[in-house]
Amino acid sequence: MELVARNLRPRDIVTREALENAATVVAASGGSTNAALHLPAIAPRMRPEFDLFDVATIFKKTPYIADLKPGGRYVAKDMFEAGGVPLLMKTLLDNGFLHGDCRTVTGRTIAGQPQRGALEPGAGT
């Protein structure tokens, strides 16, 4: 209800840049290739142009950071204990792979999110 009260709508959040960010996080974490199908499926509802070719381009240029199973060495718990998605996103943002000006459901931008202890390596342990 808070989002409705603030008049923050899905179309305000799900932009082309937000979909690019999502694909980048998936690629960097070794996430499911199902994202290549699901992210473009969301796009027409929100009206940004975003397709499978866009996902492929992002997957090609994004560094593989998390090395998660099934293809990698680590499980999601290991990533969580190392700082989790917040640390992964901070690393990507600091190195120019994310659009920091994208709004989130908090109303803040990705770059404007408060820095928490989880953003430090090993904070989850």
Side-chain angles (χ1 to χ4, degrees):
M1 297 302 294
E2 183 180 329
L3 297 179
V4 172
R6 291 193 330 219
N7 198 31
L8 188 59
R9 308 275 188 224
R11 284 195 176 114
D12 299 325
I13 299 168
V14 183
T15 61
R16 178 181 173 85
E17 291 79 14
L19 292 169
E20 289 176 355
N21 282 349
T24 300
V25 171
V26 168
S29 66
S32 173
T33 55
N34 281 330
L37 301 175
H38 293 289
L39 293 173
I42 294 168
R45 299 260 184 222
M46 301 300 124
R47 297 200 174 82
E49 294 290 325
F50 191 76
D51 60 26
L52 183 58
F53 295 105
D54 296 316
V55 175
T57 300
I58 291 165
F59 278 22
K60 281 182 185 177
K61 72 176 185 177
T62 303
Y64 184 51
I65 298 172
D67 198 21
L68 295 178
K69 289 186 182 233
R73 294 178 287 172
Y74 303 102
V75 295
K77 181 180 181 288
D78 297 325
M79 183 173 151
F80 171 77
E81 289 174 351
V85 173
L87 179 60
L88 178 66
M89 289 182 69
K90 182 179 185 326
T91 301
L92 291 166
L93 181 64
D94 290 350
N95 289 281
F97 289 97
L98 292 181
H99 301 282
D101 57 344
C102 285
R103 287 176 76 183
T104 70
V105 295
T106 66
R108 294 186 178 106
T109 63
I110 297 269
Q113 290 293 352
Q115 304 295 309
R116 291 186 219 116
L119 292 176
E120 298 303 320
T125 59

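The first residue in the sequence is number 1, and the count goes up from there.
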Just how far is it from atom [atom1] of [X] to atom [atom2] of [Y], taken to the nearest 0.5 Å?
X: Lys60; Y: Thr57; atom1: NZ; atom2: OG1; value: 6.5 Å
X: Thr106; Y: Glu2; atom1: OG1; atom2: CD; value: 9.5 Å
X: Leu92; Y: Thr62; atom1: CG; atom2: OG1; value: 7.5 Å
X: Asp101; Y: Thr109; atom1: CG; atom2: OG1; value: 7.5 Å
X: Ile42; Y: Leu37; atom1: CD1; atom2: CG; value: 11.5 Å
X: Leu68; Y: Ser32; atom1: CG; atom2: OG; value: 12.0 Å

Minimum-distance pair of heavy atoms, taken over all atoms of [X] and [Y]:
X: Arg6; Y: Gly107; value: NH2-N, 3.5 Å
X: Arg9; Y: Asn7; value: NH2-OD1, 3.0 Å
X: Ala27; Y: Phe59; value: CB-CD1, 3.7 Å
X: Leu8; Y: Val105; value: CD2-O, 3.7 Å
X: Lys61; Y: Phe97; value: O-CE2, 3.5 Å
X: Asn21; Y: Cys102; value: ND2-SG, 3.5 Å

What's the verdict on side chain to side chain contact (heavy atoms under 4.5 Å, CB included) for His99 and Thr15, showing C-alpha distance, side-chain angles and the deciding distance? CA-CA 11 Å; His99 301 282; Thr15 61; over 6 Å; no
Flag yes if Val85 and Ile13 sit in one hydrophobic cluster, no otherwise; membership is Ile, Leu, Val, Met, Phe, Trp, Tyr, and two members link when side-chain heavy atoms are under 4.5 Å apart.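 Shared cluster, no.
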Determine, using the 4.5 Å side-chain heavy-atom cutoff (strictly less than), whether Met79 and Tyr74 are members of one ILVMFWY cluster.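 Linked, Met79 and Tyr74 end up in one cluster.
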So Leu39 and Asp54, side chain to side chain contact (heavy atoms under 4.5 Å, CB included) or not? Walk me through it. CA-CA 10 Å; Leu39 293 173; Asp54 296 316; over 6 Å; no
Are the side chains of [Y] and [X] in contact, using a 4.5 Å heavy-atom criterion?
X: Val55; Y: Pro40; value: yes
X: Met89; Y: Thr24; value: no
X: Val26; Y: Ile58; value: no
X: Leu19; Y: Val14; value: yes

Determine whether a donor-acceptor pair (N or O, by modelled atom type, separation under 3.5 Å) exists between the side chain of Arg11 and the backbone of Arg45.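 Side chain of Arg11 to backbone of Arg45, a donor-acceptor pair under 3.5 Å: yes, one is there.
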Is Arg103 reaching over with its side chain to a backbone N or O of Ala18, donor-acceptor style, under 3.5 angstrom?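 Answer holds: no.
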Tell me whether Tyr64 at atom OH has more than 12 heavy atoms from other residues, nucleotides or ligands lying less than 6.0 Å away.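 Check passes, neighbour count above 12.
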Does Glu49 form a side chain to side chain contact (heavy atoms under 4.5 Å, CB included) with Asp51? I'd like the steps, not just the answer. CA-CA 7 Å; Glu49 294 290 325; Asp51 60 26; over 6 Å; no
